[in-house]
Structure formats: structure tokens, C-alpha cells
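What's counted below: heavy atoms across the whole structure, side chains too, no hydrogens, waters or symmetry copies. Numbers here are sequence positions counted from 1.
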Amino acid sequence: MSFTNKRPGGRILPVRRLTPQVDPQQQFEKLATAIGEIYKHNASQLSFEELYRIGYSLVLSKNGALAYDGVRGVLETHLSELVHSSVIGHAEAARATPSPANNEALLSSVRMLWSEHVTAILVIKDILMYVDRVYVKNAHLPPVYEMGMSAFRDQVLLAAERRLITGVAKAVLGQIVNERHGIEINRSVLRGVADMLIELQDTEQLRPLYETIFEPQFLLETRAYYHEMASARLTDHGAAAYTRAVQDDMNAEMGRVKAFLAPSTSAALRNVLLDELVTKHASEVLSIPDAGLKQLLDQRSVDALGVLFGLYSPLPAALTMLQSGVFECIQARGEQFAEVLTPMSPGSPQALGAAAKTAMALRWVQEVLMLYDVYDEFLHKSFRDSNEMRKTINDAFIQLINANSRAAELLSLFIDDNLKNGLKRKSEQEIDHLLERSVLMFRFLQNKDAFEHYYKVHLAKRLLHGRSLSDDAEQSMLSKLKLECGSQFTLKLEGMFKDMQVSGDLARGFKKMGAMDELGFDMNVSVLTPTFWPALALPMSEGAKNSAEGVSLPSPQLRSAVDAFTSYYLTQHSARRLSWQHSMGNADICVQFGSRIHELNVSTYQMLILMLFADEEEYTTLTTIEIQQRTSIPDGVLERQLQSLACAKYKILTKTPMSRDVNPNDRFSFNNSFRSPQHRIRIPVVAAKAVVESEKEKAESMASIGRERQHLIEAAIVRIMKTRKQMMHEQLVNEVIHQLSAQFLPTSTMIKDVIGRLIDREYLQRSPDNPRLYNYLA
């Protein structure tokens with residue numbers, strides 16, 4: 001079965017719809033009437049579907065321009081009427097009398113009009129959505145919402161006959177000034193007006209009216225206001241009060257930005273404030289008489305300094321002034337500290353004794369460390385750990401410390417005093433803080449090798465005399481120095497500790513073999529490696545050599561003890577030689593004074609002197625010369641020993657004549673009538689305690705340090721030239737200074753002299769073509 005198409009080539013046509021012709025103008029009139037109702041807040045009575053269809057129909061009927069332009073005209077008419085009815089009167093009143101009330105009335109009316117317009121235009125935008133999507137897009141016109149915004153701008157704010165924008169800007173600025181003066185204002189109104197200016201665009205500059213009209217004027221008036229304010233404050237404010245007021249002003253202005261101005265204003269406003277309140281008066285604020293930076297530092301005004309730094313830190317020029325001020329204040333305190341040391345000068349009319357000089361030296365170090373603690377607190381709490389301020393403070397202390405030619409000696413003396421006496425009743429944290437601060441001061445020293453020299457001397461005395469209070473503190477200090485300067489720096493110091501450990505083992509072995517039972521007394525010998533111990537490594541005078549090895553031992557027991565230990569030691573180390581250093585020993589001896597016995601702690605030399613009177617008759621007297629002949633103690637050393645026994649607090653010997661000075665013919669006898677409530681008495685050697693060196697001793701120490709520096713410079717030059725083979729003079733000098741700067745700062749003259757000696761010894765050779773070019777000779 002089949003079907004045939006009887007109408008080949010036919011098609012079905014769509015059903016024609018007949019739409020009635022509607023006048024576009026009439027449609028637009030409905031739209032215009034609806035817009036009027038929207039402005040009258042009657043939008044709820046309108047049919048949005050019908051209004052949408054009107055816009056749709058106008059676009060389909062090619063009347064999109066009528067809808068778009070017509071709506072703009074309606075908006076402009078409504079806005080013009082509303083301005084006259086609700087704003088102009090307030091604007092004229094504010095212009096005539098710019099009081100807070102009139103300003104607020106004007107701004108409130110503008111804000112209300114703006115708010116109503118925005119609400120209306122959002123509704124109109126939705127109604128004309130199809131117009132936006134089709135007609136506006138094809139015609140390349142601004143969207144309906146933007147067109148509404150421009151209509152408000154042109155009819156309300158920028159209309160030539162009114163120029164309302166000027167009055168609005170003045171009213172806002174007036175309200176800001178009123179608030180600065182403490183008058184309460186309505187910030188929400190200002191927030192609404194600022195939002196309006198931010199949203200409305202300037203057609204010429206393509207930026208918001210806020211940026212082109214309001215903000216420049218606001219910044220200009222703010223600059224003028226604070227310019228006068230700063231000048232007035234400086235007449236009756238100190239640095240602390242001034243900077244606190246400036247900080248309050250900054251906070252208040254930033255609060256206004258956050259409350260009702262554009263966020264973009266913040267940076268520009270801050271710059272204006274800093275420029276007028278800080279930059280232009282930075283130096284003046286720091287130097288206010290009796291209330292400037294110096295007083296803030298002296299009074300330890302941590303909070304005020306924090307405010308000051310917060311204001312100065314964003315400004316490079318101001319920060320440089322602050323750094324200079326802090327540096328100068330530290331230097332001024334350093335000069336005050338230096339005055340403490342003036343009596344230590346041998347030419348000073350107030351020259352003091354050794355003990356008083358030592359006390360002053362310790363006080364100087366303590367004052368410097370306390371001052372650093374103060375500025376360290378400033379750094380953390382006031383200067384916010386600023387790297388710039390840290391460098392300034394460190395540089396100032398480096399200069400302060402190294403301005404004192406005795407700084408290395410005094411620091412070592414300070415550490416020595418604390419490790420011997422100053423750690424009592426201190427907690428572990430306090431001890432660690434003290435050592436940390438000492439190492440910090442050591443870090444600031446330029447001549448670290450000088451410190452090493454003095455520290456070895458003081459450490460040697462502590463170890464040999466058993467005067468250190470804490471082995472843990474000694475090891476902690478050694479570890480800190482090692483961490484600071486490396487293992488090479490502490491090599492000899494560690495060797496000294498090892499010698500004391502080995503000596504302890506030898507003493508136990510010597511005691512175990514029963515030698516002390518035969519002697520009748522205990523003997524503890526410290527066996528020292530000469531290269532580790534500075535007192536042994538220094539060149540000896542003839543008197544010192546006699547002191548070391550040529551001393552006569554008056555007692556057979558002492559001679560037997562020395563021989564016994566020497567034999568024992570050589571059985572343990574046959575290839576070595578012992579040199580006895582009696583000047584570095586001490587002894588505990590029991591002495592009978594009448595019916596009373598006292599235990600005396602004395603030096604080895606004092607013991608030898610007292611033993612001269614042990615077997616003599618009660619009233620036997622010996623002259624200084626006789627004592628020297630029988631003991632072979634050098635003259636200068638003997639004088640101090642006799643002063644300690646006869647002229648100090650404990651008069652074990654009687655001196656004739658009685659005077660402080662010891663002369664060759666003075667006579668000494670045993671003081672059998674000596675009495676003391678103490679059973680055990682320590683007899684200190686005059687000037688043998690840790691004291692500041694005399695000028696002569698200082699010269700000898702510097703000579704020793706100088707010799708060591710010569711060796712270091714030689715080693716550095718050889719090491720450099722061995723690597724480079726050939727170098728110009730200036731390059732070699734700079735490289736040597738760079739390598740040795742961690743220990744001391746060699747001068748170019750010192751380096752030049754060493755180069756000359758190396759040339760003479762044929763380590764280096766001048767180039768025949770260029771005398772300033774050196775060649776290394778393998």
C-alpha cells in the first residue's frame with residue numbers, strides 16, 4: 001500500500017499575527033509618567049512587566065533612541081526640580097553662614113537627593129534592561145545606570161548656574177575642621193557624600209570627582225591647618241608631648257579616612273601630615289631645650305621614644321637625624337665615662353693607687369654594659385628592632401669602647417673580677433646574661449688580640465691560684481669566645497684548662513705512690529705547657545729568671561719535695577724537662593704566735609721568707625739585703641712580698657723603721673705578738689691582685705702584643721701571596737687588613753715594614769718592571 005503526494009513542492013506558511021499599531025510617543029509618555037511616580041516613591045503601584053514591554057516594544061520598533069534620550073531628559077528635569085526644591089536653599093544658607101548646622105543641612109539634603117536618585121535609577125535600569133542589552137550595546141552608549149549617574153552629576157553638582165560641587169566640598173571641609181576643633185558632626189552624612197563623589201566620574205580627567213575636585217582641596221587645607229598647628233605647638237611642647245600630639249593627630253585623621261573618606265586618601269594624607277608635622281621640624285623637635293631627644297634617652301622614656309621613632313622611621317631624612325642624635329648621645333655618655341678614668345692617668349693631679357684604679361676600671365666596664373642594656377631596651381621596645389637603629393647603636397658603642405686605649409685590658413679585668421668574686425648570689429640566668437654582655441663588648445673591640453693577651457694572663461692566675469668560683473662559668477665563657485672568634489682564638493685557653501686537668505691526674509698519681517707520706521706535708525704541682533701560659537711564654541728578665549729557677553729553698557724538706565716530684569714526673573715523661581716557677585705558687589702554713597696558732601695562706605715567696613725566721617731565735621732580725629741573699633728572690637718582687645708581710649693589714653713581720661717603702665737596710669723580725677680573731681688568714685701580695693697595669697707594665701704588654709701582631713701579619717702575607725703568586729702593594733695591604741680585622745686593625749705602615757722584612761728574608765720579591773708589584777718566591 002502506498003501514498004502519493006498530490007501537491008509536490010508545497011510548504012506550510014506561519015499564521016500571521018496582526019498586532020495593533022501603537023504610537024511610540026504614547027508609549028514613552030507612559031514610561032515618563034512611571035519615572036515620575038518612581039521618584040515620588042510610588043513604584044509599588046506600577047506594573048513593571050508593562051513598563052518592561054514598553055521598552056521592549058520601543059527597541060523592536062526602532063525607537064530605542066526615543067527611549068534612551070527621553071529617559072535622560074526626564075531624569076534631568078526631575079533632578080533640576082528636586083535641586084531647586086530641596087537643596088538650593090540650604091546651599092545659599094551655607095554659603096552665607098558656613099556654620100556647622102548649615103553645613104550639615106546642605107550635606108544632608110544632597111545626600112538624601114543622591115540616595116533617592118540611586119534608588120530610582122536602579123529601578124529604571126531594571127525596567128530598561130532590554131534597552132541596555134540591545135540598543136545601548138549596539139549604539140555604543142553608556143548603560144542606563146551610568147547615564148543616570150552622569151545626569152545627576154551634570155544637573156545637580158556641575159550645572160553652570162549653580163556649581164553646587166563647590167559648596168558641597170566646602171561644607172565637607174568645614175565639617176572636618178569643626179571636628180578637629182572638637183565639635184561633634186554627623187559622620188554618616190559625610191560618608192554618603194564622599195561615596196557620591198567617589199562614584200561620580202569627571203568626564204575630562206576620567207577619574208572620580210572625589211579625586212579631581214575634593215581631595216586636592218582637602219589635602220591643601222589640611223597642610224595649611226597643620227602647618228600653623230605645628231608652629232604653635234613647638235613653642236610650648238617638649239619632644240614627648242609634641243610627638244604624642246602628632247601621633248594623636250595622625251590617628252584622628254586616619255580615623256576620618258576610615259570613617260567617611262576614600263581609602264585612597266590615606267597615603268597622601270599621611271604624607272602631608274608627616275611633611276608638615278615631622279619633616280619640616282625634625283631637627284627642631286630633637287633639639288628642644290631640656291625636653292629633646294637627650295632628655296628622652298636620659299629619662300628612659302621608652303614609650304615616647306617609640307612614638308618618636310614611629311613618626312621618623314618612614315622619612316629617610318628624619319630617620320638619619322634621629323640616628324645622629326642617638327649616636328651623639330651615646331658618645332656624650334662615653335665622654336662622661338672617660339672622665340671616671342682620668343685619675344688613672346699617671347700625670348693626673350688626682351692620680352690614685354692601684355686598688356682605686358682597679359675599682360674605677362671595673363666601674364667603667366659596668367657603666368658601659370649598663371648603658372648598652374638601656375639602649376638594647378630602646379632597640380627592642382622603642383625602635384622595633386630596626387636594623388638602621390641597631391647599626392647606629394652598635395657603631396656608637398664600637399667608637400665609645402675603642403676610644404679607650406685600655407678597653408681590652410679593662411674588659412678582661414672585669415670578667416676576671418666577676419669570675420672570681422662577682423658570681424656569688426647570682427642566678428644561672430644572671431650569670432649567663434653577664435657573660436653574654438661581656439662577649440658583646442668583646443665583639444665591639446677592634447683589638448681582640450690585646451684582649452686575648454690579658455685574658456690569658458688573668459685566666460692563668462685564676463687557674464693556678466684556684467680563685468675561680470665556677471668551672472661551669474669558665475667553660476661557658478670559653479665556649480662563647482670560641483663561638484665568636486673560632487677555635488684558633490681559644491686554642492691556648494683550652495690548652496690551659498687541659499694542663500690543669502693533666503696536673504690533677506699527676507697529683508693523684510704522685511700521692512698514690514706514697515711520696516707525700518715521706519714528706520710530711522701535701523704538695524700539689526701544676527705542670528704547665530709554656531706555649532699555653534703567658535707568664536711562661538714572655539721573655540724573662542735576668543731577675544725573673546732567677547725568680548723562676550734560681551730561688552734558694554731554705555728548707556731541706558722543700559728541696560726533697562721538689563726532687564721527689566721531678567723524679568716521679570720524669571718516670572712518666574722521660575723526654576721532657578721541668579722548670580720550676582716558684583713565683584706562681586702558694587702555700588698553707590701553720591705559724592705559732594705565742595700560744596696561738598694561725599693557718600696562713602701565703603705565696604711561695606712569702607713562705608720562703610717566713611721560713612728564714614722558723615729556726616732562728618725569737619728576736620732575730622734580718623735586713624732586706626740578707627733576706628735577698630738567702631732566698632735569691634729578685635729585688636722588685638722581694639719588696640712587694642715584704643710589704644705584704646710587714647706593712648699591710650696583717651703584720652706577720654715587724655719592720656724597722658716603720659714605713660711603707662722597703663729599703664735595702666730595713667730590718668725585719670718575726671712578730672710574735674701578732675693576734676687575729678681568725679684562725680685561717682690569707683696574706684695577699686701587695687699589687688699582686690688583678691689590678692690595672694702601670695704605664696711600664698702596659699708598655700711591656702703592648703710590646704708583647706706588637707710582636708705577636710708581627711707574626712700574624714707575616715703569616716697573613718705569606719698565606720695570601722702563596723695563593724695569588726703576584727699582587728700589587730695596595731691590593732696586598734687591603735687583603736691583609738681584611739683578613740686580620742677580626743683580631744686587630746693593622747696599619748699600612750705595620751704591613752709595609754713586615755713586607756720589607758719578608759723581602760729581606762727572600763719570601764717576596766719586587767718586580768723589576770714595577771716596584772709596587774710583589775712576586776712570591778717558593
Counting only pairs under 3.5 Å, give me each side-chain donor-acceptor contact of residues 104-113, with atom names and distances, residues two or more places apart or in other chains.
from, atom 1, to, atom 2, distance (Å)
Ser108, OG, Glu104, O, 2.7
Ser109, OG, Ala105, O, 3.3
Ser109, OG, Leu106, O, 2.6

For residues 477-484, dump all side-chain donor-acceptor pairs below 3.5 Å to protein atoms at least two apart in sequence or in another chain.
from, atom 1, to, atom 2, distance (Å)
Ser479, OG, Gln475, O, 2.9
Lys480, NZ, Asp432, OD1, 3.1
Lys480, NZ, Glu436, OE2, 2.8
Lys482, NZ, Glu494, OE2, 3.2
Glu484, OE1, Arg443, NE, 3.2
Glu484, OE1, Arg443, NH2, 3.1
Glu484, OE2, Arg443, NE, 2.8

Quick one: side chains of residues 734-741, donor-acceptor pairs under 3.5 Å with protein atoms, not counting sequence neighbours, listed by atom name and distance.
from, atom 1, to, atom 2, distance (Å)
Asn734, ND2, Glu730, O, 3.2
Glu735, OE2, Gln739, NE2, 3.4
Gln739, OE1, Arg719, NH2, 3.1
Ser741, OG, His738, O, 3.0

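Minimum heavy-atom separation, Asn447 to Leu745: OD1-N, 3.9 Å. The shortest non-hydrogen separation linking Gly238 to Ala291 is CA-CB, 3.6 Å. When all heavy atoms of Pro100 and Asn178 are compared, the closest pair comes out as CG-ND2, 3.4 Å. Taking every heavy atom of both residues into account, Ala318 and Val278 meet most closely at CB-CG1, 4.5 Å. Heavy-atom minimum distance, Ile393 versus Ile330: CA-CD1, 4.2 Å. Residues Ala304 and Leu296 approach most closely at CB-CD2, 4.0 Å, considering heavy atoms.
Under the 3.5 Å distance criterion, with hydrogens and angles disregarded, no donor-acceptor pair is assigned to the side chains of Asp298 and Gln295. In the model, Asn102 has no side-chain atom that pairs as donor or acceptor with a side-chain atom of His90 under 3.5 Å. Residues Asn186 and Ser188 have side chains that bring a donor and an acceptor to within less than 3.5 angstrom of each other.
For residues 246-258, the pairs satisfying side-chain hydrogen bond (donor to acceptor under 3.5 Å, both in side chains) are Glu179-Arg256, Arg180-Glu253, Tyr226-Glu253, Arg233-Asp249, Gln247-Asn251, Glu253-Arg256, with sequence neighbours left out. Within the structure, side-chain hydrogen bond (donor to acceptor under 3.5 Å, both in side chains) contacts touching residues 300-312 (residues at least two apart or in different chains) are Arg300-Glu377. Evaluation of the side-chain hydrogen bond (donor to acceptor under 3.5 Å, both in side chains) test over residues 262-276, restricted to residues two or more places apart or in two chains, returns Tyr210-Thr265, Glu215-Thr265, Arg223-Asp275, Arg223-Glu276, His227-Glu276, Glu276-Lys280.
Counting only heavy atoms from C-beta outward, the side chains of Val87 and Val156 never approach each other to under 4.5 Å. Looking at Trp364 and Asn404, their side chains come closer than 4.5 Å, going by heavy atoms from C-beta outward. Using a 4.5 Å cut-off on side-chain heavy atoms (C-beta onward), Glu211 and Gln205 make no contact. Contact annotation: the side chain of Arg363 never approaches that of Phe337 to less than 4.5 Å [non-hydrogen atoms, C-beta and beyond]. Counting heavy atoms from C-beta outward, Tyr225 and Leu173 have side chains that stay 4.5 Å or more apart. At a threshold of 4.5 Å between non-hydrogen side-chain atoms, the residues Ser412 and Phe442 do not count as touching. Counting only heavy atoms from C-beta outward, the side chains of His281 and Tyr242 approach each other to under 4.5 Å. Considering only heavy atoms from C-beta on, Leu293 comes within 4.5 Å of Leu305 through its side chain.
In this structure, CD1 in Ile401 is found 8.0 Å from CG in Leu411, a value given to the nearest 0.5 Å. Remark: Arg709 CZ to Thr747 OG1 distance equals 9.5 Å, nearest 0.5 Å. Note: Leu190 CG to Ile176 CD1 = 6.5 Å, rounded to the nearest 0.5 Å. In this structure, NZ in Lys170 is found 11.0 Å from CG in Asn103, a value given to the nearest 0.5 Å. Here CZ of Phe444 is found 10.0 Å from CG of Asn402. Values are rounded to the nearest 0.5 Å. To the nearest 0.5 angstrom, Leu371 atom CG is 7.0 Å from Leu400 atom CG.
For Asp236, the CG atom sits in a packed shell: over 12 heavy atoms of surrounding residues, nucleotides or ligands are nearer than 6.0 Å.
Under a 3.5 Å cut-off, the side chain of Ser86 and the backbone N or O of Val83 do not form any donor-acceptor pair. Without hydrogens or angle criteria, Thr97 side chain to Ala94 main chain gives no donor-acceptor distance under 3.5 Å. One N or O on the side chain of Thr392 and one on the backbone of Glu388 form a donor-acceptor pair closer than 3.5 Å. For Thr243 (side chain) and Ala239 (main-chain N/O), a donor-acceptor pair under 3.5 Å exists by modelled atom type.
Tyr372 and Phe397 have perpendicular rings, their planes meeting at more than 60° on a 0 to 90° scale where under 30° would count as parallel. Aromatic ring orientation, Phe309 versus Phe383: tilted (interplanar angle from 30° to 60°). A parallel orientation is assigned to the rings of Tyr455 and Phe451, their planes being inclined by less than 30° (bins at 30° and 60°).
Only one option out of Glu204, Arg207, Gln201 pairs with Thr212 in a side chain to side chain contact (heavy atoms under 4.5 Å, CB included); it is Arg207. Exactly one of Met441, Arg437, Met370 qualifies for a side chain to side chain contact (heavy atoms under 4.5 Å, CB included) with Val365. That residue is Met441.
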Does the pair His380 and Asp376 meet the rule for a side-chain hydrogen bond (donor to acceptor under 3.5 Å, both in side chains), with working shown?
CA-CA 6 Å; His380 295 305; Asp376 190 54; 3.3 Å; yes

Evaluate the side-chain contact (heavy atoms from CB on, under 4.5 Å) criterion for residues Leu197 and Ile165: first the C-alpha distance (whole Å), next the side-chain angles of each, then the deciding distance (0.1 Å), finally the verdict.
CA-CA 9 Å; Leu197 296 176; Ile165 185 66; 3.5 Å; yes

Report the C-alpha separation of Asn418 and Leu469 in whole Å, then their side-chain angles, then the decisive distance to 0.1 Å, and conclude whether the side-chain contact (heavy atoms from CB on, under 4.5 Å) test is met.
CA-CA 9 Å; Asn418 277 280; Leu469 287 180; over 6 Å; no

Check against side-chain contact (heavy atoms from CB on, under 4.5 Å), Leu297 and Tyr375:
CA-CA 9 Å; Leu297 294 170; Tyr375 278 86; 3.5 Å; yes

Yes or no on side-chain contact (heavy atoms from CB on, under 4.5 Å) for Thr203 and Asp154, after CA distance, side-chain angles and deciding distance?
CA-CA 10 Å; Thr203 54; Asp154 297 339; 5.6 Å; no

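Here Arg406 pairs with Glu409 in a salt bridge; the nearest charged N to carboxylate O distance falls below 4.0 Å.
Judged by a 6.0 Å distance limit and a 45° cone about the ring axis, Lys448 is not positioned over the six-membered ring of Phe744.
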